[in-house]
Amino acid sequence: MSRNAEVAALFEEFADRLEADGVEYKPNVYRRAADNIRAHGRPIEGLAAEGKETVEEIDGVGDAISSKVVEYFETGEIAELVELRDEMPVDIQALTGVEGVGPKTVGTLYETLGITTLDELEAAAEAGEIREVKGFGPKTEENILSNVAFARRAQERARLGDARPLADDVLELLRGEAAASQVEVAGSIRRWRDTIGDVDVLVASDDADAVVEAFTGWDGVSTVIESGPEKASVRANGVRIDLRVVVPSEYGAALQYFTGSKNHNLKLRNVAIRRDLKMNEYGVFDVSDVDDPDAGQRVGERVAGETEESMYAALDLPLVPPELREDTGEVEAASEGDLPELLESGDVRGDLHTHTNWSDGRNSPEEMVAAAEARGYDYYAVTDHATGPGMVGGVGLDDDELREQMDALREVAADAELELLHGVEANIGAEGDIPTSDDVLAELDVVVASPHAALDQDPDAATDRLVRAVEHPAVDILGHPTGRLINDRAGLDIDVRRVAEAAAEHDVALEINSDPARLDLHGGPAKTAVEAGAAIAVDTDAHRPDTLGYVRYGVHTARRGWCEPADVVNAWALSDLRSFLH
Ligand code: DGT
Ligand code: CA
Ligand code: CA
Ligand code: ZN
């Protein structure tokens, strides 16, 4: 596994600390470098070993940063960063995790009140000390107080998009072990929850020692938390990973048990009991002839356990896809033969929400289209930002620029193998208004409308706002409907059913935004939306070619929402999509 993410995080911390110190300009240079290091195709440790000139092949990385990268791999630290930490010993990551608290605020609160941790921040807000600081007031203090709890919870759970690449690295490592006959993730990561408490990994093997040794010896591990004969726990990139090794004959039972959720398993166990069966992490056992079924774990005749399928089959059920195992009706649907035929990644025919360097994307339309073609898409929409509330620093396109882009994209489309659609991501004002002119919207192929500002409205106002946006005749897709950023910002608290009913009535699709920082809508609300009759669009919101790959997170999130291909507009043939669009 490469260490690009680790180094990127260091430079992000560096940027925050410089900004807390009042340094200007340089923090943004460091953040841009961090982004590029994270996205770079080659492992940073390899580049560093070849020398600083090689590190400079990464965009935005010059002399100063490359020297620090080399220093980090040679000495294990960056002296200048250590100095910054000593000068201002604040938990910068935790504090900036509070919505409304940026690095500058951290600096000010440290200088004036000596605040270094979340607990101290909360105590100072409760004591009314923050409102007394110059530039702060009672409203800011109140906001900080109400956002601390959210930030604290956020620290406990990793985002799926941070945990999944780690899990993939562990899977690859263990699948390369001769002693491991089967390897799979279990727990919430196999169910593709949007946040992950810890990553669970399950291995079938007759030589547990060898598997545990390979796992704890993996070079991605920062700490070994515990290590025993059949299990071990480590920390890697701040995420806890639990390994369990079982004998091959009990692998299916363990996989079923440790995939959870607890409530899904509880419901299944009750189904089993009604049939005189006992179901646990070792198998399914026929206990009809057993006097005391609680006498042990492996009592009675074993009827299933080697495969997960056998576990469900023993209860006369089809295998329930992991994404559905939340006890939201899946066991009932399985027993009635009514499980949905879930969306699969191969069903996705195009992406309807993406950006280019015309707004805040990194690449040209040509480069993005080439990446979309490489994915085998039939169609692809460029939807750069329009100006409006939430767009800062001239990012969004005004009406004239959108017209100019129409001409430019017509030329790109002429050379493209796929069908290139020209769209826009328009902004939804606080009242549900859309500032881009109706004429321009009408000329575009696809209109995504998204909320980017005023994200702390009360539920009624927020719901009315989105309903009004959906009623706009030009709108095709409601982009990242709540505006949440996982672990960062709660977003709009909407009545999804009411928005979805309006969307169904006006032929607007609700987006599942696949960016792992968003996953918005996520599974539960997506299920509600589909039940209310709304169509869904699984989009990546990509700002670079490689983040078109986020579609993976969107597809699994759609599966958590019980979405079938017929529910998802970008799984439709182009002609059907065209007649859906305004
Ligand atoms: P997480 O890690 O908080 O994101 O969520 P999970 O679902 O991965 O939970 P975790 O890691 O505590 O345990 C993994 C699975 O193991 C869980 O989904 C179901 C199963 N499991 C763990 N403890 C229990 C238990 O006490 N009872 C039952 N029925 N199942 C359990
Ligand atoms: Ca877990
Ligand atoms: Ca666990
Ligand atoms: Zn957006």
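Reckoned from all heavy atoms, side chains included, excluding hydrogens, waters and symmetry mates. Only a predicted model underlies this, so the values are computations on that prediction, with no experimental measurement involved. Both counts, for ligands and for their atoms, begin at 1 and track the order of listing.
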Report the part of Asp200 in contact with ligand 1, treating N, CA, C, O as backbone and CB onward as side chain, heavy atoms under 4.0 Å; options are side chain, backbone, both, neither.
side chain
Once you restrict to heavy atoms under 4.0 Å, what part of Arg193 touches ligand 1? Side chain, backbone, both or neither.
neither
Would His452 count as a contact for the Zn ion (ligand 4), in the sense that one of its N, O or S atoms lies under 2.8 Å from it?
yes
Cation over ring face, Arg164 and Trp192, 6.0 Å, 45°
yes
With Lys278 as partner, the option from Val290, Ile273, Val287, Val303 fulfilling side-chain contact (heavy atoms from CB on, under 4.5 Å) is Val287
Using 2.8 Å as the threshold, say whether any N, O or S atom from Glu425 sits that close to the Zn ion (ligand 4).
yes
Considering non-hydrogen atoms of the protein only, which is the closest contact for atom 15 (C) of ligand 1, and what is the distance?
Phe258 O, 3.0 Å
Among all protein heavy atoms, pick out the one at the shortest distance from atom 3 (O) of ligand 1; state its residue, atom name and that distance to 0.1 Å.
Arg157 NH1, 3.1 Å
Within 45° cone and under 6.0 Å: Arg244 NZ/CZ vs Phe258 ring:
yes
State, without any angle test, whether Thr195 and Arg157 hold a side-chain donor-acceptor pair at a distance under 3.5 Å.
yes
Check for a donor-acceptor pair, side chain of Arg240 on one end and backbone N or O of Ile225 on the other, with a separation under 3.5 Å.
no
Given salt bridge (charged side-chain N to carboxylate O under 4.0 Å, His left out), test Glu12 with Arg38 step by step and report yes or no.
CA-CA 11 Å; Glu12 274 158 0; Arg38 185 177 282 113; 3.0 Å; yes
One should read off an interatomic distance between His472 NE2 and Leu441 CG, to the nearest 0.5 angstrom, of 5.5 Å
Only to 10 degrees, please: what angle do the OD1 atom of Asp200 and the OD2 atom of Asp198 make about the Ca ion (ligand 3)?
130°
If you scan protein heavy atoms around atom 7 (O) of ligand 1, the nearest is Arg191 NH1, 3.0 Å
Among all protein heavy atoms, pick the one closest to atom 26 (O) of ligand 1 and tell me residue, atom and distance.
Lys262 CE, 3.8 Å
Using the side-chain hydrogen bond (donor to acceptor under 3.5 Å, both in side chains) rule, pick out the option among Arg159, His556, Arg518, Arg484 that qualifies with Asp194.
Arg484
Specify side chain, backbone, both or neither for Asp198, according to which of its non-hydrogen atoms lie closer than 4.0 Å to ligand 1.
both
Could you tell me whether any N, O or S atom belonging to His480 is less than 2.8 Å from the Zn ion (ligand 4)?
yes
